[in-house]
Structure formats: C-alpha cells, structure tokens
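In what follows, a single structure is set out as structure tokens and then discussed.
In each ligand, atom 1 is the first atom listed, and ligand 1 is the first ligand listed. Everything numeric here is computed off the predicted structure, so don't read it as measured data.
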Amino acid sequence: MKLQKLLDANKDWAESIIGGDPHFFQRLANQQTPEYLWIGCSDSRVPANQITGLAPGEVFVHRNVANIVQETDFNVLAVLQYAVDVLKVKHIIVCGHYGCGGVRAALENTRHGLIDNWLAGIRSLHRRHLDELSNMPVDAAVDRLCELNVTAQALHVARTTILEDAWERGQKISVHSWIYRLDNGRIKPLAEPITQACGLTIDS
Ligand code: CO
C-alpha cells in the first residue's frame, strides 16, 4: 500500500529529528513563534519549508491556486489576521512561480471551469498589461504575468485593513514579492519590500 510508505517515512522523520534534538516536538507543541508568513501557490513543486530550509514552527503558510490575495476571501484574510495580530510575524512573503498553471489558464482565452472565476483578478491584470504581454511568445508572457501577479498580490496584502492597522500601530512588518523558478529551484526577489502603508502611490 502506497500510503503506508508515507506513514513509515513520517515515523523515520520524527525519530531522526528526536535523535538530534530530543525535546524538539515538545517545545513546538507548546508554542509556535514563526517570523514569516508565506503566501504561495498550491503547486506541489513549491513547498514553502523545503525550498527555504525552514523547520516546522518557522513559517506560517497559506497556499492557493496562483497565490492570490483577494480582499473578499475570508480564508486568506483569517490567515493574514492571525499571522499579523497574534503571531506577530515580521515578514510576509508572497511567492509565485514561473510557469504557474493558474496564471497560464488566466492568460488563455478558453474555459477551464469554476477556476476561471477564481482567476478573474489575474485575467484583468492580463488585460491591463496587454500592450506588453501581447507582443511576447506565450511562455514568456505567462512568466511575465507570473511576475506581475506576485507584485499585484503583495500590494493587495499591503492594502488590507490588517496591514494598514498594524503599520499604524507601529508594528514592523515587511511584505515581499518573490518568484520561484521550477527548473533550477531558485527564488528571486522581484521588488523592494513594502514596509509601510502605500496609499494611492503605487498601482499594479
Ligand atoms: Co502555480
């Protein structure tokens, strides 16, 4: 049975951690104090902890298709509010990835089902940048839209009442725009981190 492999691997993993640090799990069970919130794509090839070398307890994670931050999505807002107000994370990392299937679907002029509604925001981002994107080969346009999507979603994070209120209180939080390359495993920062309320000064 394939699933037994997973359970066996889990047992080995837990034992190897305890081998190096006997109180590791007891310590974590009492409290989590992550400094980072990761907002990434659900894509199985972009696991937050593994690609950043972070251990359990070090990063709070939210993932959805195409790392979208919608102001009407209670799921992401609940994660954001808990991370900022309770966990008091110092860094929020919005990390997209090149070759994102969600972004590609948003760029295509065909129906994919319910997901097209989820991707509506990226479709309008595509329309806003049509001058640049329509002159590129499709794969390059997908990758460029992946980048534009990351910076747009980071801006959405910064414009939530959660971040604006935190900055107003003097809480130190930075919002980062990162992108991951599937074919070499490397992350690239795309823009300067946002460290204060940006009001109407920048747009996607
Ligand atoms: Co993706």
Side-chain angles (χ1 to χ4, degrees), residues 6 34 36-54 56 58-80 82-83 89 91-130 132-134 136-160 163 174-194 203-204:
L6 272 61
Y36 313 99
L37 164 63
W38 176 277
I39 299 175
C41 183
S42 295
D43 193 302
S44 64
R45 297 164 294 181
V46 196
N49 286 70
Q50 266 166 297
I51 65 173
T52 54
L54 292 172
E58 292 186 323
V59 57
F60 201 60
V61 174
H62 177 80
R63 290 167 68 181
N64 62 41
V65 172
N67 41 273
I68 291 172
V69 178
Q70 249 173 22
E71 299 86 340
T72 48
D73 174 10
F74 279 108
N75 188 347
V76 73
L77 291 180
V79 168
L80 200 53
Y82 189 75
V89 296
H91 301 277
I92 297 170
I93 299 158
V94 178
C95 187
H97 66 100
Y98 290 114
C100 181
V103 172
R104 184 177 292 273
L107 196 117
E108 289 169 351
N109 214 2
T110 52
R111 280 272 179 272
H112 308 85
L114 175 74
I115 191 85
D116 292 325
N117 297 291
W118 174 249
L119 299 171
I122 307 184
R123 290 216 309 275
S124 63
L125 193 61
H126 177 209
R127 282 193 296 276
R128 288 207 296 283
H129 292 271
L130 211 53
E132 178 188 0
L133 297 170
S134 59
M136 299 172 119
V138 176
D139 287 347
V142 169
D143 284 352
R144 179 67 185 131
L145 189 54
C146 289
E147 292 180 345
L148 291 167
N149 180 46
V150 171
T151 46
Q153 303 308 335
L155 204 53
H156 291 169
V157 171
R159 290 221 162 101
T160 58
L163 265 289
S174 313
V175 182
H176 305 262
S177 303
W178 287 4
I179 195 155
Y180 177 79
R181 191 153 220 121
L182 294 171
D183 59 16
N184 69 6
R186 298 295 298 269
I187 292 170
K188 180 174 81 176
L190 283 175
E192 286 300 306
I194 307 170
D203 202 2
S204 54

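Between C146 and H97, the shortest heavy-atom contact is SG-O, 3.3 Å. Nearest heavy atoms, S42 versus V65: OG-N, 3.5 Å. Contact record, A66 with C100: CA-SG, 3.9 Å, taken as the closest heavy-atom pair.
For D143, there are no salt bridge (charged side-chain N to carboxylate O under 4.0 Å, His left out) partners two or more places apart in sequence or in a different chain. Under the rule for a salt bridge (charged side-chain N to carboxylate O under 4.0 Å, His left out), the partners of R144 that lie at least two apart in sequence or sit in another chain are E132, E147.
Excluding waters, the set of protein N/O/S atoms under 2.8 Å from the Co ion (ligand 1) reads C41 SG, H97 NE2, C100 SG.
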Without placing hydrogens or testing angles, list every side-chain donor-acceptor pair under 3.5 Å for residues 72-79, not counting sequence neighbours.
unit_1, atom_1, unit_2, atom_2, d
D73, OD1, N75, N, 3.0

